[in-house]
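Report on one structure; see the data block that follows.
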Amino acid sequence: FASVEQQMKQNDSLAALVSKTDDSNTIGGLQFVGKTVTAVGTNTALSNGHAHWVIDSSRSGTGTISVRDQNGRTIYKTTKALSGGAQDFEWDGTNTDGSKSDDGVYSIAVEGRTIDGSPLEIQTSISGVVDGLDLSTTPPSLKIGQLTLALNTLKKIST
């Protein structure tokens, strides 16, 4: 009985430790509120006719850029020359057919090719000012308007 009682005490101690870690994650997450963060990601918000992504290409080439709505449908597609490194991509909410998209969350997909046709390694990221903390996830997630960002996707934090 003594070993069972000791194991129960260890379980209680472990539960208390997990609770303290969760509290620490929450306090740590609050430090991001009001800061501008850049995170790896494909989703960003279209707000007042403005959506912004950063496309980071491993080398120069061309990129076929597709913007998708919340249902995964491609609503805008273009081809753009890419230089090696990070470059901005702005979308004004105009679809390929000329209609305007409503404010909301949209995603981007980029297929890059070098001049000789071989694939380019492409990474996309988004940025914005953190305006909240979602405590319903473990660990807590950062909120930028309608977007939710996991802490492990962050690349840069600035004031």
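Distance check: Y106 OH to Y76 OH gives 14.5 Å after rounding to the nearest 0.5 Å. To the nearest 0.5 Å, the span separating CG on L133 from CG on L151 amounts to 8.0 Å. Considering OG of S141 and NZ of K143, their distance stands at 8.0 Å, rounded to 0.5 Å. The distance from the CD atom of Q146 to the OG1 atom of T148 is 9.5 Å, given to the nearest 0.5 Å. Atom-to-atom distance recorded for W53:CH2 and N43:CG is 8.5 Å, nearest 0.5 angstrom. Atom-to-atom distance recorded for H50:NE2 and D103:CG is 11.5 Å, nearest 0.5 angstrom.
T94 and K100 share a side-chain donor-acceptor pair at under 3.5 Å. A side-chain donor from one of S101 and N95 sits under 3.5 Å from a side-chain acceptor of the other.
With hydrophobic clusters built from ILVMFWY side chains whose heavy atoms lie under 4.5 angstrom apart, I108 shares a cluster with I75. Transitive grouping of hydrophobic side chains (ILVMFWY, heavy atoms separated by less than 4.5 Å) keeps L82 and V40 in distinct clusters. Under the 4.5 Å side-chain contact rule for hydrophobic residues, I65 and V105 share a cluster. Cluster membership check: I122 does not share its hydrophobic cluster with V54, using side-chain heavy-atom separations under 4.5 Å among Ile, Leu, Val, Met, Phe, Trp and Tyr.
A distance-only check finds no donor-acceptor pair linking the side chain of S127 to the backbone of T38 [under 3.5 Å]. Between the S107 side chain and the T42 main chain, no donor and acceptor come within less than 3.5 Å of each other. Put simply, the side chain of E111 never gets that close to the backbone of A109: no donor and acceptor are under 3.5 Å apart. Between the side chain of D69 and the backbone N or O of N71 there is at least one donor-acceptor pair closer than 3.5 Å. In this structure a side-chain-to-backbone donor-acceptor pair under 3.5 Å is present from S57 to R59. Of the possible donor and acceptor atoms, none in the side chain of D92 sits under 3.5 Å from a partner among the backbone N and O of G49.
Taking 4.5 Å as the limit, every side-chain heavy atom of D56 sits out of range of all side-chain heavy atoms of T124. Residues V67 and T74 have side chains not in contact (no heavy-atom distance under 4.5 Å, counting atoms from C-beta outward). In this structure, the side chains of R113 and S118 stay at 4.5 Å or more apart for every pair of heavy atoms.
The minimum heavy-atom distance linking T44 with A51 is given by the pair CG2-CB, 4.1 Å. Taking all atoms of both residues into account, the shortest heavy-atom contact from K155 to S125 is NZ-OG, 3.7 Å. Between G84 and S60 the shortest heavy-atom distance is N-OG, 3.5 Å. Minimum interatomic distance between L120 and S58 (heavy atoms only, all atoms of both residues): CD2-OG, 3.8 Å. In terms of heavy-atom proximity, A45 sits nearest to L147 at N-CD1, 4.0 Å.
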Let's go through V37 and K156 carefully: what are the C-alpha distance in whole Å and the side-chain angles of both, what is the deciding distance for side-chain contact (heavy atoms from CB on, under 4.5 Å) to 0.1 Å, and is it a yes or a no?
CA-CA 6 Å; V37 297; K156 181 179 168 184; over 6 Å; no
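For the side chain to side chain contact (heavy atoms under 4.5 Å, CB included) with K35, the qualifying choice from V129, L142, T159 is T159, the only one to do so.
In K77, the NZ atom is not crowded: 12 or fewer heavy atoms of neighbouring residues, nucleotides or ligands sit closer than 6.0 Å. Enclosure of atom CD in E90 by more than 12 non-hydrogen atoms of other residues, nucleotides or ligands within 6.0 angstrom is indicated.
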